[in-house]
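Here is the structure we will look at, set down as structure tokens.
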Amino acid sequence: MTTPRLQVTAARKEFPGVIALDGVSLTLAPGEVLAVVGENGAGKSTLMKIVAGVYQADAGDVLLDGAPIHFAGPGDAVAAGVILIHQELNLAENLTVLDNLFLGREVTTGGGLRVLNRRAMAERAAGLLKRVGLPASRIFARVESLAPGEKQLVEIARALGTDVRVLIMDEPTSSLTQRETETLYEVIAALKAADVSILYISHRLAEVKQCADRAVVLRDGRNAGELAKADITHDNLVRLMVGRDLKQFYPKTHRTAGGGTPVLTLRGLRYRGGPETAASFEVRAGEILGMAGLVGAGRTELSEAVFGVRPIVAGELLLNGQPLRVSSSADAIEAGVLLVPEDRRLHGLVLAESVGFNLSLPNLARLSSRFGVNRSEEADLHRTWIERLRVKTPSAAQPVGLLSGGNQQKVVYGKWLARGPKVLILDEPTRGVDVGAKAEIYALIDDLAGKGVAVWMITSDMEELLGMSDRVVVMHEGHVAGELQGTLTEEAVMRLATGGTAT
């Protein structure tokens, strides 16, 4: 019998007031991809951090190639070939891609005075980037200039530059387009062939089916079940994850076909630093307009221009048929054009502040008078949106940075919904959110559209795009490549996204 590459037996971890893991076990064979799935709070991240030396288990055993391991910290894990790629990337934004790839393990030359051998590092970096589908021209780019998907690929390339035995991927495709995800699958296949074992955490159940050899499901800090590859289906995973079936995962219960009248119209819109090609389309009342495109297509940048983050230099915006001048985000917010950003932690929330503070922040004008903030009305606002969105938090005073990803996302929605949006722009609306929270967010979006809100949804999740959208606008290299409606297919979307035609 082959010795497992990794074996975890009866792992337990308790934090003040919370049992994060309660007797969790799993085995991982050499060259195997094991998916670890579950809702936020199920214990996945805690388990991975124990394996990677970030935490020490309170009880239980961890064996690597049959030998007990007791990592004092992440450095010990890396030295043993156990690499964790976090969902929230650990890159030095002010340094180049090259510097990040070799940070802490620089290649040097010389005798007593060690000098960086940047030529050797660049040659190795080019090979690493090629493996993850990034061009060598990115080697000397600052990380802060990269798109989120490119940053994710740099993080993966950095892991590939080590003598890895166990690679832990936490939501590795959360920022990747379909093409980049396919490249990642190729990387995973090559790693398997090289006998590398992979622990794969993902909320995207279709990709679990695609790349996992087995799946272990956690629920409430315990093992909920295990599925062989042939048994990995959306329904089986969901049943184990949440203990119930999720009906109508992508609801379209409140919307009318075709939507209503145009609420937001872009006519020949161009923004500073953007492409020469202008963008024109409309978002209608009571519909969800999906927007697709590869990384770098300009989807996020266009939405930021409409929200006042990027200056508009040509064309016009119309809101309910009337010209809308947006010179700042304050103008967009006042007009009821609101943006849930791609990176909630960086642009959507003040992480060190409370849930209540974040809910109040864009609503202070109506909560305030010349005598200050009306604390009673503010408390009502907090209570209303925490209850309505079912935000799991001990109280409104809880720092929002301590909430799970799904609950953080709900707080971002709540602060805008309290203003009564006319147009709600959603950039990657369920990124890093578990399946249960996704279902709640989809139901919320569907309900908003049913109440006449015009929803513009930018997403790289193909299932989400096809499942939730009434129409789809596809962008390619900064311009609108085409529009799809009726029966939506992945093939038609990808043809437009890659510069082809829909048919």
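All heavy atoms count here, side chains included; hydrogens, waters and symmetry mates do not. Sequence positions, counted from 1, serve as the residue numbers for this chain.
Closest approach of E483 and R471 over heavy atoms only: OE2-NH1, 2.9 Å. Closest approach of A136 and A126 over heavy atoms only: CB-CB, 4.2 Å.
Judged purely by distance below 3.5 Å, without hydrogens or angles, the side chains of T173 and E207 pair a donor atom with an acceptor atom.
Between the side chain of N358 and the main chain of L349, no donor-acceptor pair closer than 3.5 Å is present. In this structure, the side chain of N407 engages the main chain of K392 through a donor-acceptor pair within 3.5 Å. D22 places no side-chain N or O within 3.5 Å of a backbone atom of R222 that could act as its donor or acceptor partner. Without hydrogens or angle criteria, T9 side chain to G60 main chain gives no donor-acceptor distance under 3.5 Å. Between the side chain of W416 and the backbone N or O of L339, at least one donor-acceptor pair lies under 3.5 Å. When atom types are taken as modelled, the side chain of S25 and the backbone of A10 share a donor-acceptor pair closer than 3.5 angstrom. Proximity of a side-chain donor or acceptor of R388 to a complementary backbone N or O of G414 within less than 3.5 Å is not detected. Put simply, the side chain of R131 never gets that close to the backbone of A157: no donor and acceptor are under 3.5 Å apart.
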* Go through the steps to decide whether H479 and H476 satisfy the test side chain to side chain contact (heavy atoms under 4.5 Å, CB included), and finish with yes or no. => CA-CA 6 Å; H479 70 275; H476 172 69; 3.8 Å; yes
* Under the side chain to side chain contact (heavy atoms under 4.5 Å, CB included) rule, what do L302 and F281 come out as? Steps first, then yes or no, please. => CA-CA 12 Å; L302 183 60; F281 60 89; 3.7 Å; yes
* Asked: Between S460 and E428, does a side chain to side chain donor-acceptor pair (under 3.5 Å) hold up when you go through it step by step?
  -> CA-CA 7 Å; S460 300; E428 304 294 355; 2.7 Å; yes
* To do: Report the C-alpha distance between T430 and E464 in whole Å, list the side-chain angles of each, state the deciding distance to 0.1 Å, and finish with yes or no for side chain to side chain donor-acceptor pair (under 3.5 Å).
  => CA-CA 9 Å; T430 61; E464 181 173 271; 2.4 Å; yes
* side chain to side chain contact (heavy atoms under 4.5 Å, CB included) between R138 and V154, worked out -> CA-CA 10 Å; R138 286 312 215 187; V154 170; over 6 Å; no
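Under the 4.5 Å side-chain criterion, counting only non-hydrogen atoms from C-beta, V143 is not in contact with D99. Two residues are said to be in side-chain contact when any heavy atoms from C-beta on lie closer than 4.5 Å; L466 and Y250 fail this criterion. Contact check for V62 versus F71: no side-chain heavy atoms found under the 4.5 Å cut-off. Between R105 and T162 there is a side-chain heavy-atom pair separated by less than 4.5 Å. Using a 4.5 Å heavy-atom threshold, the side chains of M241 and L205 count as touching. The shortest distance between side-chain heavy atoms of L128 and V132 does not fall below 4.5 Å. Inter-residue side-chain proximity for V78 and I83 is flagged as met; some heavy-atom pair is nearer than 4.5 Å. At a threshold of 4.5 Å between non-hydrogen side-chain atoms, the residues V54 and P74 count as touching.
The existence of a salt bridge linking K151 and E93 is confirmed by a sub-4.0 Å separation between a basic side-chain nitrogen and an acidic carboxylate oxygen. A salt bridge does not link R12 to D58: none of the charged side-chain nitrogens sits closer than 4.0 Å to a carboxylate oxygen. A salt bridge links R214 to E32: one of the charged nitrogens lies within less than 4.0 Å of a carboxylate oxygen. We find that K410 and E440 are joined by a salt bridge, their nearest charged nitrogen and carboxylate oxygen being less than 4.0 Å apart. Using a cutoff of 4.0 Å between basic side-chain nitrogens and carboxylate oxygens, R284 and D470 are not scored as salt-bridged. Using a 4.0 Å cut-off between a side-chain N of Lys or Arg and a carboxylate O of Asp or Glu, K44 and D170 do not qualify as a salt bridge.
From L184, atom CG reaches atom CD1 of I188 across 4.0 Å, with rounding to the nearest 0.5 Å. Atom CD1 of I69 is separated from atom CG of L6 by 6.5 Å, given to the nearest 0.5 angstrom. The structure places CG of L34 at 9.5 Å from OG of S197, a figure rounded to the nearest 0.5 Å. From S469, atom OG reaches atom CG of L488 across 6.5 Å, with rounding to the nearest 0.5 Å. Once rounded to the nearest 0.5 Å, the distance linking CG of L338 with CH2 of W456 reads 13.0 Å. Distance check, rounded to the nearest 0.5 Å: NZ of K13 to CG of L21 gives 9.5 Å.
Between Y55 and F15, the two ring planes are perpendicular [angle over 60°; tilted spans 30° to 60°].
Shown here is R124, whose CZ atom has no more than 12 heavy atoms of other residues, nucleotides or ligands within 6.0 Å.
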